[in-house]
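Per chain, numbering begins at 1; letters A, B, ... match sequence-line order.
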Amino acid sequence: MGIANIVFLVILIAAGGAFTYQVSKIRRNILLGRDVDRSNRKGERWAMMTRVALGQSKMVTRPLAGIMHILIYVGFVIINIEVLEIVIDGVFGTHRIFAFLGGFYDFLIGSFEILAFLVLFACVVFLIRRNAGTIKRFKARELTSWPKNDANIILVVEILLMFAFLSMNATDYLLQERGADHYIVAGAYPVSSLLAPLFDGMSTEGLIMYERGAWWFHIIGILLFLNYLPISKHFHIILAFPNVFYASLTPEGKFTNMDKVTDEVKLMMDPTADPYATPPPADPDAVPEKFGAKDVQDLHWKNLMDAYSCTECGRCTSSCPANMTGKLLSPRKIMMDTRDRLEEVGRNIDKHGKDYDDGKSLLGDYIQEEELWACTTCNACVDACPVNINPLEIIVDLRRYLVMEESKSPTELNGMFTNVENNGAPWAFPQADRLKWAEEL
Amino acid sequence: MSEAIKVPTMAEMLAANEVPEVLFWVGCAGSFDDRAKKITKAIVKILHKAEVKFAVLGTEEGCTGDPAKRAGNEFLYQMQAMMNIQVLDGYEVKKIVTGCPHCFNTMKNEYPDLGGNYEVVHHTQFIQSLINDGRLKIEGGGAFKGRKITFHDPCYLGRGNGEYEAPRQLLEKLDAELVEMKRCKSKGLCCGAGGAQMFKEAEPGNKEVNIERTEEALEIKPSVIATGCPFCNTMMTDGVKHFEKEDQTEVFDVAELIAQAADL
C-alpha cells in the first residue's frame with residue numbers, strides 16, 4: 001500500500017464519518033417533532049415508494065423538467081457503480097479493478113459515459129432554465145440568496161464532476177492507446193474518445209498527471225459533495241425515499257383529528273359529568289399541551305422530515321391558487337421556513353443544551369399570519385409535490401394554534417364561528433328556517 | 001311540476017315507523033343560500049323521480065363543522081360533529097347523500113374518528129348509481145344536447161377524495177360536448193372558497209382566485225360551467241358576472257342539469 005492509498009483511505013473515512021455525524025444531527029432534529037404513527041399498511045407504502053420515489057411518477061407531470069430529472073437521477077444511481085470501482089482502486093492501488101469483466105466492463109463504462117454526458121447536458125439545461133428568469137417559480141421571494149446559490153452550486157458541481165469523469169476517461173483512453181505502464185486496455189469510451197483530440201498533444205507524463213488529477217478531483221469532489229448534501233436542499237436525493245414511504249395514506253381531504261380536543265368535548269357533552277369535579281392530579285413533570293403548532297417541536301416528525309426532503313422545486317407554489325393570485329402564501333416557503341427554523345433550534349441545542357429558549361418561533365418569526373389565512377386548503381400543493389410533502393398539514397396546525405391558543409382569527413371568521421355555534425350554520429340564519437326551501441317545491 | 005313533492009324528515013319517518021333508504025344531507029348553503037336552494041330542489045326532484053325513499057333532518061341538521069375545522073377551530077368542529085353524530089345515530093342512519101363536497105368529505109373521512117360511521121356519498125355519485133341501476137333514465141339530453149359544457153372539479157370531491165368520474169359520466173348523459181379546462185381533475189384549480197375563505201375577505205393579492213378560475217373556464221367559451229359544490233357555484237357565478245358573460249355562459253350544478261334534462 002502506497003502513501004497515496006493511505007491518504008485516500010483517510011479521506012474516505014473522514015468523509016464517511018463527517019457525513020454520518022451530519023445525518024445524525026438531522027435525525028435528531030426530525031425526532032424533535034411529535035410522534036405520529038406511520039408504520040401501518042406496509043405493502044401500500046412500499047408500492048407508493050416504488051411508484052413515486054423510485055419510479056418518479058409525479059415528476060413527469062411536467063414533461064421537460066421530469067425527463068431531464070430522470071436523466072440525472074438514473075445517471076446518479078448508475079454512475080455510483082463506477083464510484084465503487086474508484087473506491088476499491090483508491091484503497092488498493094489497483095487500476096480499473098473490474099476490467100476482468102471484459103465485454104461487460106466495456107458495456108458498463110460505455111453506458112456510464114453516455115449517462116455522464118446526459119447528466120452533464122441536463123444540468124446545463126437546468127442551469128440555463130433556472131437563471132434565464134423566464135420561469136416564475138424560480139423567481140419567488142423565497143428563492144433569493146442562499147437558496148438560489150445552493151441550486152446553482154449543485155448544478156455546477158455536478159457538471160464539474162461529470163466533466164472530470166469524462167476527461168479522466170479521455171486521457172486514460174489515450175494512455176491505453178500509447179501502451180503506458182499501469183494503463184491496461186479495458187473499457188469502451190463512446191463519449192470521452194471524442195474528447196481525446198483535446199489532450200492528444202500532451203506528453204505521456206502530462207496525460208498521466210491529468211488522469212490522476214481528474215481521478216482525485218472526481219472522488220474528492222464526490223466525498224465533499226456527500227458532505228454538502230446535509231446542509232443543502234440536495235439532501236432530497238436521500239430523504240425522498242423514506243419521505244414518500246411515510247407519507248399519509250388517507251384521502252387528501254381528511255384532516256387529522258385532535259384527540260385531546262375530543263376528550264374535552266366528550267366531557268362537555270356528557271350529561272352525567274360533574275362540572276365542579278376536581279380534575280385528576282396532573283403529572284407535575286408533564287409539559288402543558290398546546291393546541292396546534294407554534295414552533296417546529298409542535299409539528300410531528302413527518303412534517304419535519306418533509307422540510308428536510310424539500311428540494312425547493314416550487315411545484316407546490318406554482319400550483320397554489322393563493323400564490324398565483326399574488327397572495328403572500330407560498331407552500332414552498334412554508335417548508336423552507338420549517339427547515340430553517342428547525343436548523344436554528346438544532347444549533348441552539350448544540351450550543352446551549354436541550355431546554356434553551358431563544359424566544360423565537362416558527363409562527364411569527366418565520367411564517368406570518370397573512371400567509372396562513374390565504375390558504376384555501378385545496379390540496380393542490382400536496383398533489384403537486386413529487387416526493388409527497390404536505391405543506392397543508394403545517395398550515396392547518398399553525399392556524400389551530402392561532403385560533404385555539406391565541407384567539408387570533410380574522411374578524412369575519414370569528415363571526416362565522418359564532419354563527420355555527422349559535423345557529424348551526426356559518427351564516428346568521430335561524431336553525432328553524434332550515435327546511436324553508438321544501439315549501440317552495 | 002304537477003304535484004308538490006313532500007320532503008319527509010327523519011322525525012316524521014320515525015313517527016310513521018318507516019326507514020328511509022338514504023338520508024339526504026342538505027348542508028347550510030343548500031338550506032339557506034338562494035342559489036344553492038335551487039340545487040337542493042333539483043336533487044330532491046331527482047330522488048323523487050327515481051322513487052328513492054329519502055328523508056332529511058330538517059331543523060335537526062347542523063353545520064358539519066367543515067369551515068370551523070379548516071379554519072383551525074377544532075373545538076367548534078368537534079362540538080358540531082358530535083352533536084350531528086348523536087342525531088344521526090339516534091335515527092340509526094346508515095347511508096347519507098350530501099349536496100356538498102365539504103359535508104361529504106367531513107362526514108365520510110373525519111366523522112369516523114369521532115365514532116360516526118356511515119356510508120357517505122356525494123350527490124353526483126348517488127345520481128350516477130341511480131342511472132347505473134336503471135332507476136333513473138335520461139333520454140336525449142334535453143336542452144343541453146350538443147352544447148359545450150365544462151366541469152369544474154370541487155377540491156374536496158376531486159383531489160380530496162379522488163372522485164373525478166361520476167360527475168363527468170353524468171354530463172355525458174346529456175349528449176353535450178364535454179370540454180376540459182387546461183387545469184382539470186387532479187390539477188384542477190380551486191374556486192377560492194375552500195378552507196373557510198368563503199366566509200372572509202381574501203388576503204391582499206393582485207387577483208381573486210375565482211376570477212383566475214372563471215377566466216380559464218371562459219377561454220373555452222362553454223355554454224355551461226358545471227360543478228358539484230354550492231360554494232364553487234357561487235364563486236364561478238360571480239366570476240361570470242365579473243366578465244359580464246351571463247348571456248353566453250351559465251353556471252349549473254350537475255344535479256340541476258340532470259333534473260332539467262329529465263324534464264323535472
Quick one: of [options], who has the most non-hydrogen atom pairs under 4.5 Å with chain A?
options: B/Gln86, B/Lys200, B/His102; answer: B/Lys200
options: B/Val44, B/Thr9, B/Asn84, B/Asn161; answer: B/Val44
options: B/Cys155, B/Pro204, B/Ala81; answer: B/Pro204
options: B/Cys191, B/Ala29, B/Ala202, B/Gly27; answer: B/Ala29

State whether a side-chain donor-acceptor pair under 3.5 Å links [X] with [Y].
X: A/Arg399; Y: A/Thr377; result: no
X: B/Asp89; Y: B/Tyr118; result: yes
X: B/Gln80; Y: B/Asp66; result: no
X: B/Asp238; Y: B/Thr234; result: no
X: B/His242; Y: B/Asn210; result: no

Tell me which of these, [options], has more heavy-atom pairs under 4.5 Å with chain B than the rest.
options: A/Met324, A/Met269, A/Lys327; answer: A/Lys327
options: A/Gly415, A/Cys375, A/Pro430; answer: A/Cys375
options: A/Leu435, A/Val396, A/Thr411, A/Val420; answer: A/Val420
options: A/Thr262, A/Leu329, A/Asn419, A/Asn379; answer: A/Thr262
options: A/Pro426, A/Pro410, A/Ala425, A/Cys320; answer: A/Pro426
options: A/Arg434, A/Glu412, A/Lys266; answer: A/Arg434

Under a 4.5 Å heavy-atom cut-off, does chain A meet the side chain of [X], its backbone, both or neither?
X: B/Glu212; result: side chain
X: B/Asn105; result: side chain
X: B/Glu201; result: both
X: B/Glu61; result: both
X: B/Arg213; result: neither
X: B/Thr64; result: neither
X: B/Tyr156; result: side chain
X: B/Phe104; result: neither

Kindly determine whether B/Thr237 and B/Asn233 satisfy side chain to side chain donor-acceptor pair (under 3.5 Å), including the steps that lead there.
CA-CA 6 Å; B/Thr237 305; B/Asn233 195 306; 3.1 Å; yes
Counting only heavy atoms closer than 4.5 Å, note whether [X] contacts chain B via side chain, backbone, both or neither.
X: A/Trp427; value: side chain
X: A/Met258; value: both
X: A/Phe291; value: side chain
X: A/Glu264; value: side chain

Residues [X], [Y]: salt bridge by 4.0 Å N-O rule:
X: B/Glu74; Y: A/Arg400; answer: yes
X: A/Lys436; Y: A/Glu439; answer: no
X: A/Lys333; Y: A/Asp337; answer: yes

Can you list every pair that meets side chain to side chain donor-acceptor pair (under 3.5 Å) and has a residue in residues 380-395 of chain A, with sequence neighbours left out?
A/Lys58-A/Asn388, A/His300-A/Glu393, A/Asn303-A/Glu393, A/Asp383-B/Lys187
Does NZ or CZ of B/Arg70 fall inside the cone over A/Phe255's six-membered ring, less than 6.0 Å from its centre and within 45° of the axis?
yes
So B/Val7 and B/Phe24, do their side chains get closer than 4.5 Å, heavy atoms only?
no
Contact check, side chains of B/Arg35 and B/Lys37, non-hydrogen atoms, under 4.5 Å
no
